[in-house]
Protein chains: 2
Amino acid sequence: MLSKKTKYAFHALTYLGKHREQKTVLIQDISEEYGISHKFLENILLELKKAGILGSKKGKGGGYYLIKEPIDVPLSKVIRLLDGPIALLPCVSLNYYEPCVECKNEEKCGLNKVMIQVRDEMLNILENKSLADILDKE
Amino acid sequence: MLSKKTKYAFHALTYLGKHREQKTVLIQDISEEYGISHKFLENILLELKKAGILGSKKGKGGGYYLIKEPIDVPLSKVIRLLDGPIALLPCVSLNYYEPCVECKNEEKCGLNKVMIQVRDEMLNILENKSLADILDKE
DNA sequence: TATAAACTCTATAAAAAAAATAGGGTAAAT
DNA sequence: ATTTACCCTATTTTTTTTATAGAGTTTATA
């Protein structure tokens, strides 16, 4: 399951996407809209900024804003950023690979093979669907 | 990511599947093979038994054994049993549905729509692949 | 140039979930 | 009768997730 952090990130991105006509959006506006702790949300927005998805402006009249077009923000990127691996096993993760500690031979692991398939199907959707697809519905 | 509990369950099932010529297999044999705590594994095997996947025999010469044919044990069943929902959001879970607390309108939630797709693709594999597919490779 | 609005950063704490442990009890084969 | 091995409930430990705290920095505007 996706963590709250990731869900909050999607909420924030949705909010920012819906208010693109504004130059900036305050953290507080988002945190009030979804009932997210101001400080917790701050950390999340900061991560999104470091990842090049958001920009921010300090001082009076400042706030956060989308720096990318919604279609250029794949869902997979957001999930990986906040939640880590998308794969169901560390040994099939593309971005966070680790061998399974109790696995003797990855080559001969049947579970590994199936989980590669699952990962690929998940990525097939999550890499190709973007923030734009989410905004459309709202 | 799958929990250790679920991975242990798959290991145990694989071991039992590979030793079907024996009448029973001792917990200890499995726990030693994979370095899993005896007691922890006991809980897992018990759950698999309650779910009708394993049988057990008490007393000397007793132990656990597969009660179903490997092909009749879909991977999805094992994951749901030990890990809970397969879906990435509670609001798209077939077996563990819950509304997302901060979601105002599920019908209009774009994330919901995408996650339904992801769930269906995952299930398409996990419902159709079984223990038999894992055993094949080993 | 003062000041208030708003972002930045590091550290810590609280809560929840996952993993592991403990130990007595019960059933059954020999 | 006794040993082997499953059964059950409760508790503890560890890890991860979620949330909080507070001081510091930047910047717009009056």
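Owing to the predicted nature of the structure, the values given are computational and were not obtained by experimental measurement. Lettering of chains follows the sequences in order, A, B, ..., and the numbering in each one begins at 1.
- If you look at B:Y15 and B:H19, their ring centroids are closer than 6.0 Å.
- Residues A:K49 and A:S56 bring a donor and an acceptor atom of their side chains to less than 3.5 Å of each other.
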Give the C-alpha distance, both sets of side-chain angles, the deciding distance and a yes or no for side-chain contact (heavy atoms from CB on, under 4.5 Å) between B:I30 and B:L16. CA-CA 8 Å; B:I30 303 173; B:L16 287 163; 4.2 Å; yes
Can you build the contact string for nucleotides 1-8 of chain D? Use B for base contact, S for sugar-phosphate-only contact, and - for no protein heavy atom under 4.0 Å. ---BSSBB
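- Between A:S37 and D:dT20, a side-chain N or O to OP1/OP2 separation shorter than 4.0 Å is present.
- A salt bridge does not link A:K113 to A:E107: none of the charged nitrogens lies less than 4.0 Å from a carboxylate oxygen.
- Using a 4.0 Å cut-off on heavy atoms, the residues of residues 1-8 of chain B that approach DNA chain C are B:S3, B:K4, B:K5, B:Y8, listed by number.
- Screening residues 31-43 of chain A for salt bridge (charged side-chain N to carboxylate O under 4.0 Å, His left out) gives A:E33-B:K104, A:K39-A:E42 as the qualifying pairs, with residues at least two apart or on separate chains.
- Rounding to the nearest 0.5 Å places CG of A:L88 at 12.0 Å from CD1 of A:I116.
- Straight-line distance from the NZ atom of B:K23 to the C1' atom of C:dA28: 16 Å, rounded to whole Å.
- In this structure, CG of B:L45 is placed 16 Å from P of C:dA19, rounded to the nearest angstrom.
- Checking side-chain atoms of B:D83 against main-chain N and O of B:S3 turns up a donor-acceptor pair under 3.5 Å.
- One atom, CG of A:D29, and another, P of C:dA5, lie 14 Å apart when rounded to the nearest Å.
- No donor-acceptor pair under 3.5 Å is formed between the side chain of B:S130 and the backbone N or O of B:D72.
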